[in-house]
Number of protein chains: 2
Amino acid sequence: MTLLKNPVFQQFRKNGALTAEEEKRLLGLEQKPRRVDASDPLWHENDTVDAFCILKQGWAYSFRNLDSGAKQILKLYLPGDIIGMRDFGFSHRLAGVEMIDEGVVCPFSHQQLFEVMDYSATLASGIVAIAVRQQAMLTERLVYVGRHTAQQRLAHFLYELYLRLSRIEAVKDNTFSLPLSQEQVGDALGLSSVHVSRTFSMLRDEGLVLRDRQRIQLPDPMALASMAEFSDAYLDESMPSPFLDLHGISSRALRDAQKA
Amino acid sequence: MTLLKNPVFQQFRKNGALTAEEEKRLLGLEQKPRRVDASDPLWHENDTVDAFCILKQGWAYSFRNLDSGAKQILKLYLPGDIIGMRDFGFSHRLAGVEMIDEGVVCPFSHQQLFEVMDYSATLASGIVAIAVRQQAMLTERLVYVGRHTAQQRLAHFLYELYLRLSRIEAVKDNTFSLPLSQEQVGDALGLSSVHVSRTFSMLRDEGLVLRDRQRIQLPDPMALASMAEFSDAYLDESMPSPFLDLHGISSRALRDAQKA
DNA sequence: AAACTTCCATAACTTATGATATGACGTGTT
DNA sequence: AACACGTCATATCATAAGTTATGGAAGTTT
């Protein structure tokens, strides 16, 4: 799994919006793969921001620990995601990040990121678009944590995962693996672990979610989506047309092309 | 109020990280000021994304209307903010935006934004940093909406506003104006208007917040911050050092400078 | 296989917040 | 002045979710 496989850059490529040199520069961010174990922290809250990461394999999550001892999980990262853009422009980390299972990450520096962004506005916009899309998922969670019942929150959470995992071919027979304890699910949704358990039971009784340990099956995904009032606009993969016709603007890349 | 006065670009300038040409290009985004009345929509959810805005005067907010009839206010925009970066990379608006009071906005196009981002990595990073900071406020709200009591949510909301308004010199004697009804405050915090009223009363009884119509006074801001478990890292204005020394990378700007 | 540990289901009880209702206050309109 | 209207305070009642507790199932360690 590489950044080029990210839905945003996939769409660029489908429209011939990336030159060979641009693709090469993107891949340049993934030079230094590093194995990481389950539960390994990538960094802690308040650490100095010295790098970002591309997640090649495995799941990770970002989180905040509260004074009260509670924990709020902010975001789940799946393979192909960029981790840490949230901290771009800050000197210190606003949230910790930990691996969930084992995996592979590719760290890259501010310097590398600037170089890629400077090389062409196409690459810069693509990276920004990826960061914006990640934040859109957070915004969506604010909406349903603020305004929906526990059932809807859990349904929404599971359906969103179902869609994201489908796109990276990690769903089979409407079944996928959820390597989180109910306590962690509660930490993501602002619910107690007990209430997560209750809510899973309710969804089971309604025939919407079957669960065996970490295997989740959604017998009727559409029904689940509709009870969660799920609107998938925020996961929309299509880029607006101005993005797909950037060559005329992206002057450095253009100049390089003309030289060749 | 202009984009150059935004805390992020302020810091760039203080460190001599912006050339005259770069400043000029930033100001180029503010060519077409437009007066807007109170309650004027800037756009609606699902509209095609055709422009972004710099808010010069007045307050605005973004929001989502839910099927249930409820409304979730996502973000308050104050003068100097960029509105709409949330939709960068999407074809359709994920949220509506409305003015609160009357004001002035400067719309600019995708094309203009690309041109600025392409001109130098410094400008591109600055704009991204502003967008990331706005999202950081949303993330913070997810944390306290998910994990804090109504008192803490309201206290956090008011204290955050107090800090943001202080930076644009809109606080005097610990007093500022809050042009939102209690129902709107509730829509921002995921609370009913009745409970916002109750909570205001509780904060008043504890001597933490005095209120007369739209005037809010915080007799002891630090006490309020501490009961809200407020941590101001996410509002930190300082940019990490790699940002303030970008000339060596920002090759187009450098080349132009050498020519001159 | 016994002893632990972690995770989960369920129950009983508590509490924070939502829903509904009513009256007070302020503002603008005629 | 009289009225309508929006906003807010407060009270009462309803309910979703938190808290604490207990027992069971599965996995780990000895």
Side-chain angles (χ1 to χ4, degrees), chain A residues 37-39 66 68-73 100-101 141 144-158 177-206 208-217 227-229, chain B residues 38-39 66 68-73 100-101 144-158 177-206 208-217 227-229:
Chain A
D37 285 337
S39 305
L66 309 190
S68 54
K71 183 180 201 170
Q72 177 70 47
I73 292 183
I100 295 173
D101 46 6
R141 202 144 87 240
Y144 63 87
V145 167
R147 289 301 189 190
H148 288 345
T149 64
Q151 278 200 51
Q152 289 178 306
R153 290 190 221 179
L154 183 55
H156 195 288
F157 179 79
L158 294 174
S177 159
L178 177 69
L180 294 177
S181 68
Q182 294 189 349
E183 172 145 28
Q184 288 172 314
V185 173
D187 286 341
L189 297 176
L191 295 170
S192 67
S193 60
V194 173
H195 204 59
V196 170
S197 173
R198 273 200 283 253
T199 308
F200 262 121
S201 303
M202 289 190 255
L203 290 178
R204 185 231 306 135
D205 295 346
E206 294 171 33
L208 290 170
V209 176
L210 304 179
R211 192 175 51 85
D212 178 37
R213 309 288 294 159
Q214 306 203 328
R215 300 223 66 77
I216 302 280
Q217 185 181 3
M227 88 90 85
E229 293 187 12
Chain B
S39 305
L66 309 190
S68 54
K71 184 180 200 171
Q72 177 69 48
I73 290 183
I100 296 173
D101 47 5
Y144 61 89
V145 167
R147 289 301 189 191
H148 287 345
T149 64
Q151 279 200 50
Q152 289 178 306
R153 291 190 220 178
L154 183 54
H156 195 288
F157 178 79
L158 293 174
S177 160
L178 177 69
L180 295 176
S181 68
Q182 294 189 348
E183 173 145 26
Q184 288 173 314
V185 173
D187 287 341
L189 298 175
L191 296 171
S192 68
S193 61
V194 173
H195 204 60
V196 170
S197 174
R198 273 199 282 253
T199 309
F200 262 121
S201 303
M202 290 191 254
L203 291 178
R204 184 231 306 137
D205 295 346
E206 293 170 35
L208 290 170
V209 177
L210 305 180
R211 191 174 52 83
D212 178 36
R213 310 287 295 159
Q214 307 202 329
R215 300 223 67 77
I216 302 279
Q217 184 181 3
M227 88 90 84
E229 293 188 12

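All chains are named by letter (A, B, ...) in the order of the sequence lines, taking the proteins before the strands, and each is independently numbered beginning at 1.
In this structure, the CD atom of B:Gln214 is 16 Å from the P atom of D:dG6, given to the nearest Å. When the P atom of D:dT15 is taken as reference, atom CG of B:Leu191 falls 20 Å away, rounded to whole Å. Here C:dT10 presents its C1' atom at 12 Å from CG of A:Asp205, a figure rounded to the nearest Å. Rounded to whole Å, the distance from CD on B:Gln184 to C1' on D:dT7 is 11 Å. Rounded to an integer number of Å, the gap from A:Asp187 CG to D:dG18 C1' is 14 Å. To the nearest angstrom, C1' of D:dA17 lies 9 Å from CE of A:Met202. Between B:Gln151 atom CD and C:dA16 atom C1' there is a gap of 11 Å when expressed in whole angstrom units. Here D:dA9 presents its P atom at 4 Å from CZ of B:Arg211, a figure rounded to the nearest Å.
Judged by distance alone with a 3.5 Å cut-off, no donor-acceptor contact links the side chain of A:Arg213 to the base of D:dG27.
Among C:dT10, D:dC8, D:dA17, the nucleotide with an atom closest to any side-chain atom of A:Arg204 is C:dT10. Distance from the side chain of A:Ala150 is smallest for D:dA17 among the nucleotides D:dG18, D:dA17, C:dG18. In this structure, the nucleotide among D:dT10, D:dG18, D:dT19 sitting nearest to the side chain of B:Ser201 is D:dT10. The side chain of B:Ser197 lies closest to D:dT10 when the candidates are D:dT20, D:dT10, D:dG18. Residue B:His195 has its side chain nearest to C:dT17 when only D:dG18, D:dT10, C:dT17 are considered.
Among the atoms of the strands shown, only primed sugar atoms or phosphate atoms (P, OP1, OP2) are found under 4.0 Å from some heavy atom of A:Gly190.
Note: B:Met202 CE to B:His195 NE2 = 5.0 Å, rounded to the nearest 0.5 Å. With values rounded to the nearest 0.5 angstrom, A:Gln151 atom CD is found 4.0 Å from A:Met227 atom CE.
A close approach under 4.0 Å does not occur between any side-chain nitrogen or oxygen of A:Ser181 and OP1 or OP2 of C:dC7. Between B:Thr149 and the phosphate of C:dA16, there is no side-chain N or O to OP1/OP2 separation shorter than 4.0 Å. Neither OP1 nor OP2 of D:dG18 sits under 4.0 Å from any side-chain N or O of B:Arg147.
Looking at which nucleotide of DNA chain D each of A:Arg153 and A:Val194 is closest to, the 5′-most match is held by A:Arg153. Remark on DNA chain C: of its neighbouring residues A:Arg198 and A:Leu180, the 5'-side contact belongs to A:Leu180, judged by nearest-heavy-atom nucleotide.
B:His156 and B:Arg153 are not linked by any side-chain donor-acceptor pair at a separation below 3.5 angstrom, with hydrogens and angles left out of the test.
The number of heavy atoms from other shown groups lying within 6.0 Å of CD (B:Gln152) is above 12.
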Go through it in stages, so that I can follow the logic: the residues are A:Ser68 and B:Arg147, the test is side chain to side chain contact (heavy atoms under 4.5 Å, CB included), and I'd like the CA-CA distance, side-chain angles, deciding distance and then a yes or no. CA-CA 9 Å; A:Ser68 54; B:Arg147 289 301 189 191; 6.0 Å; no

